[in-house]
Amino acid sequence: MSVLSIVILLLMVVALIDAIRIDDSRVKYMHKIVWILLIIFIPLIGIVLWFALGRSYEGASTPIRMPRRRQQASTPRMSAPMDTATVTVQPVPSRDGRSTEQQLADLEREIEEDKRRRAALEQRRDADSQ
């Protein structure tokens, strides 16, 4: 094997490991599996395109935060209190401006109308079959 083929093989392995381990949200332009197939089937072009276009480098140095585990009550360790955030939820107004009660009343009317139509259809089917 020549030095060039060894270098391409090593770069291909590095690019494959990088493409497989990277988070899907940091892959650009194509799905991750397409990039992996491109690296495998067209190694030199695939490697260059992966590192030039397919990978997002913005969040590369951001540390990954792992959620803290809650300690059991029987554990006598002293720890800092966990931060708790208060979330307030505001109701979202409907697009047509109707209240929830009005929407529920409309839905109940639609259900009753559907029941009435189904009953009428069953009566017609019974009349047609006799």
Side-chain angles (χ1 to χ4, degrees):
M1 285 179 97
S2 69
V3 174
L4 181 63
S5 62
I6 293 173
V7 169
I8 291 175
L9 184 65
L10 287 175
L11 284 174
M12 187 173 123
V13 169
V14 169
L16 279 173
I17 291 172
D18 186 48
I20 291 170
R21 293 194 59 182
I22 197 168
D23 186 31
D24 286 339
S25 64
R26 291 182 43 208
V27 176
K28 299 190 305 187
Y29 301 113
M30 292 186 284
H31 294 286
K32 185 190 286 192
I33 190 70
V34 177
W35 283 111
I36 291 170
L37 291 174
L38 185 68
I39 292 168
I40 290 172
F41 291 126
I42 311 171
L44 190 59
I45 296 171
I47 293 167
V48 171
L49 288 177
W50 167 249
F51 285 112
L53 299 175
R55 188 176 202 289
S56 174
Y57 292 98
E58 286 106 35
S61 62
T62 306
I64 298 173
R65 293 186 173 209
M66 300 298 290
R68 291 183 183 176
R69 281 194 250 164
R70 292 183 178 235
Q71 294 181 357
Q72 295 177 352
S74 63
T75 307
R77 294 181 186 161
M78 296 294 289
S79 64
M82 294 179 63
D83 295 332
T84 58
T86 304
V87 177
T88 56
V89 178
Q90 298 293 330
V92 178
S94 65
R95 292 181 184 163
D96 57 1
R98 297 181 299 155
S99 69
T100 305
E101 290 80 13
Q102 292 169 336
Q103 291 176 359
L104 287 173
D106 290 344
L107 183 60
E108 288 173 0
R109 279 194 295 274
E110 287 179 22
I111 291 171
E112 290 301 320
E113 179 68 20
D114 183 58
K115 287 180 183 177
R116 187 187 62 75
R117 288 184 181 185
R118 287 181 189 264
L121 182 63
E122 287 295 323
Q123 288 176 354
R124 275 192 245 147
R125 283 185 185 164
D126 290 341
D128 289 342
S129 65
Q130 292 177 355

Could you measure the distance from the CE atom of Met12 to the CG atom of Leu10? Nearest 0.5 Å is fine. 10.5 Å

Does this structure show an ion pair linking Glu122 with Arg118, if we count only N-O contacts that are shorter than 4.0 Å? no

Mark yes or no for whether Trp35, through its side chain, and Lys28, through its backbone, hold a donor-acceptor pair below 3.5 Å. yes

Distance from Ile111 atom CD1 to Arg116 atom CZ, nearest 0.5 Å? 15.0 Å

Can Ile42 be reached from Met30 by stepping across I, L, V, M, F, W or Y side chains whose heavy atoms are under 4.5 Å apart? yes

Nearest-0.5 Å distance that lies between atom CD1 in Ile47 and atom CD1 in Ile40: 11.0 Å

Are Val14 and Trp50 linked, directly or through other ILVMFWY residues, by side chains that come within less than 4.5 angstrom of each other? yes

Working to the nearest 0.5 angstrom, can you tell me the gap between Leu44 CG and Ile39 CD1? 12.0 Å

Would you say CD1 of Ile45 has more than 12 non-hydrogen atoms from neighbouring residues, nucleotides or ligands within 6.0 angstrom? no

Distance (rounded to the nearest 0.5 Å) between Asp114 CG and Arg117 CZ: 8.0 Å

Rounded to the nearest 0.5 Å, what separates atom CD1 in Ile17 from atom CD1 in Ile22? 13.5 Å

Within one Ile-Leu-Val-Met-Phe-Trp-Tyr cluster: Phe51 and Ile8, side-chain cutoff 4.5 Å: no

Side-chain heavy atoms of Tyr29 within contact of Val34, under 4.5 Å: no

Joint hydrophobic cluster, Ile6 plus Val13, side-chain heavy atoms closer than 4.5 Å: no

Kindly work out whether a path of hydrophobic side-chain contacts (I/L/V/M/F/W/Y, heavy atoms less than 4.5 Å apart) joins Phe41 to Leu11. yes

